[in-house]
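Remarks on the structure that follows.
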Amino acid sequence: MTSTLTDMCPINHSIQWSPTHELAEHPSTLVCLPEQLPLPDESMTLVVIHHLLEVVAQPHHVLQEAARVTADEGRLLIFGWSPQGVSGWNRLMPHKRRRLPWNGHWRTPGRLKDWLTFVDFEIERVDYCGFHWPGGAPRNTGLEALGRRYNLPLGDTFMIRARRRSHLATVQRPRLRMSSSLGAAGIGRATGLARQPDRMTEGD
């Protein structure tokens, strides 16, 4: 699934990540710890975390690192297994909990929303997919179309699209101390001094 996603991606300069050289698919694959990416801050337009937060030892640190390298105008995509889907119900079976992906830590989009808020990101959209009946394979075309149409939170997988929160700069205006000895002319001069930085800023 990951290879298909990267092949379909319209971004020309893409970087894949791998934990080891043995698992790297290309010579340009980034091999490192997921919580220690050797990339500059805000250097990536799109960062995809694909079913990784469920299995890594430090998911908070991985999310923080992904947020660090995502540009202000960029997007952060998170693919995860939904505990509310049919496969999530299967995690109640003891023999399932001993195998991947059921032995991972599955989290709801609501829980990940709190994590994203901590790294100053907000969710734009959550999409669900992988709809099927209990005991059936997730290849039911009719059920998939119905679930996606109404975006029901019952699919096996969800995709979160998040962006960095907007920071509104607070303008600190100089406080003008008015004295009773100032007349109309004095007030005009004082007000002109207060506006002087605005004229200089516009000129710059």
Side-chain angles (χ1 to χ4, degrees), residues 1-6 8-9 16-17 19 33-37 44-167:
M1 186 174 181
T2 305
S3 300
T4 304
L5 285 174
T6 54
M8 295 171 58
C9 182
Q16 294 189 25
W17 169 83
L33 295 175
E35 66 272 15
Q36 296 180 6
L37 301 177
M44 308 297 290
T45 304
L46 176 66
V47 176
V48 180
I49 302 178
H50 192 273
H51 294 292
L52 188 62
L53 297 180
E54 294 93 339
V55 295
V56 293
Q58 298 179 324
H60 290 90
H61 294 171
V62 172
L63 184 61
Q64 289 177 6
E65 190 70 349
R68 179 186 68 82
V69 301
T70 304
D72 283 342
E73 70 279 3
R75 293 296 186 272
L76 176 61
L77 299 184
I78 302 175
F79 287 86
W81 298 108
S82 175
Q84 299 171 338
V86 174
S87 293
W89 305 341
N90 292 336
R91 297 176 69 241
L92 299 176
M93 303 178 184
H95 68 280
K96 289 281 189 180
R97 293 297 299 269
R98 293 191 292 267
R99 294 184 296 167
L100 283 172
W102 295 277
N103 60 353
H105 296 280
W106 294 18
R107 302 171 180 89
T108 64
R111 179 67 182 276
L112 294 179
K113 178 182 179 181
D114 297 334
W115 290 18
L116 287 166
T117 301
F118 180 77
V119 295
D120 206 25
F121 271 68
E122 60 183 358
I123 293 179
E124 287 185 318
R125 182 179 174 86
V126 179
D127 289 291
Y128 296 90
C129 64
F131 298 92
H132 60 97
W133 298 111
R139 296 183 181 89
N140 190 318
T141 305
L143 196 61
E144 187 73 19
L146 181 65
R148 292 196 183 193
R149 179 180 180 181
Y150 296 101
N151 202 26
L152 301 175
L154 300 175
D156 282 350
T157 305
F158 61 81
M159 184 199 74
I160 294 176
R161 186 179 69 189
R163 66 176 181 179
R164 194 180 303 276
R165 290 177 178 269
S166 301
H167 295 279

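The analysis underlying the following values was restricted to heavy atoms, covering all of them including side chains, and did not include hydrogens, waters or symmetry mates.
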* **Closest contact, heavy atoms only, Leu52 versus Trp17** => CD1-CZ3, 4.1 Å
* Structure fact -> One should read off an interatomic distance between Phe121 CZ and Ile160 CD1, to the nearest 0.5 angstrom, of 12.5 Å
* To do: Looking only at non-hydrogen atoms, find the nearest pair between Tyr128 and Gly155 and report the distance.
  => CB-N, 4.5 Å
* What do the steps show when you test Arg165 against Thr117 for side chain to side chain contact (heavy atoms under 4.5 Å, CB included), and what is the final call? -> CA-CA 9 Å; Arg165 290 177 178 269; Thr117 301; 3.6 Å; yes
* Asked: Would you say His132 and Ser87 make side-chain contact, with heavy atoms under 4.5 Å?
  -> yes
* Asked: Do any N or O atoms from the side chain of Gln84 and from the backbone of Leu154 form a donor-acceptor pair under 3.5 angstrom?
  -> no
* To do: Would you sort out whether Leu63 and His60 count as a side chain to side chain contact (heavy atoms under 4.5 Å, CB included), showing the intermediate values?
  => CA-CA 5 Å; Leu63 184 61; His60 290 90; 5.9 Å; no
* Apply the ring pair (Phe, Tyr, Trp, His ring centres under 6.0 Å) test between Trp81 and each candidate in His105, His51, His50; give the one that qualifies. => His51
* Test item: Leu77 and Arg161 side chains (from C-beta on) under 4.5 Å apart, heavy atoms -> yes
* Structure fact -> Heavy-atom closest pair (Ile78 atom, Leu112 atom, distance to 0.1 Å) is CG2-CD1, 4.2 Å
* Check: Leu37 main-chain N/O paired with Glu65 side-chain donor or acceptor under 3.5 Å -> yes
* **Lys/Arg-Asp/Glu bridge criterion (N-O < 4.0 Å) met for Arg163, Glu122** => yes
* Asn151 side-chain N/O to Val126 backbone N/O, donor-acceptor pair under 3.5 Å -> yes
* **Main-chain N/O of Leu53 paired to Arg107 side chain as donor or acceptor, under 3.5 Å** => yes
* To do: Kindly say whether Pro101 contributes a backbone atom to a donor-acceptor pair with the side chain of Trp106 at under 3.5 angstrom?
  => yes
* **Nearest atoms (heavy-atom pairs only) where Arg164 meets Ala67** => NH2-O, 2.9 Å
* Of all residues at least two apart in sequence or in a different chain, which pass the side chain to side chain contact (heavy atoms under 4.5 Å, CB included) check with Thr45? -> none
* To do: For residues Phe118 and Gln64, report the shortest heavy-atom separation together with the two atoms involved.
  => CE2-NE2, 3.3 Å
* Is Arg125 reaching over with its side chain to a backbone N or O of Met159, donor-acceptor style, under 3.5 angstrom? -> no
* To do: Please check if the side chain of Arg91 supplies one atom and the backbone of Trp102 the other of a donor-acceptor pair under 3.5 Å.
  => yes
* Taking the side chain as C-beta and beyond, is there a heavy-atom pair between Phe131 and Asn140 under 4.5 Å? -> no
* To do: Find the distance between OG1 (Thr108) and CZ (Arg111) and round it off to the nearest 0.5 Å.
  => 8.0 Å
* Candidate pair Leu76 and Val119, rule side chain to side chain contact (heavy atoms under 4.5 Å, CB included), full reasoning -> CA-CA 12 Å; Leu76 176 61; Val119 295; 5.8 Å; no
* So, for Pro109 and Ile123, which heavy atoms are closest and what is the spacing to 0.1 Å? -> O-CD1, 4.1 Å
* Atom CZ of Arg99: over 12 foreign heavy atoms under 6.0 Å -> yes
* To do: Would you sort out whether Arg75 and Leu46 count as a side chain to side chain contact (heavy atoms under 4.5 Å, CB included), showing the intermediate values?
  => CA-CA 5 Å; Arg75 293 296 186 272; Leu46 176 66; 4.1 Å; yes
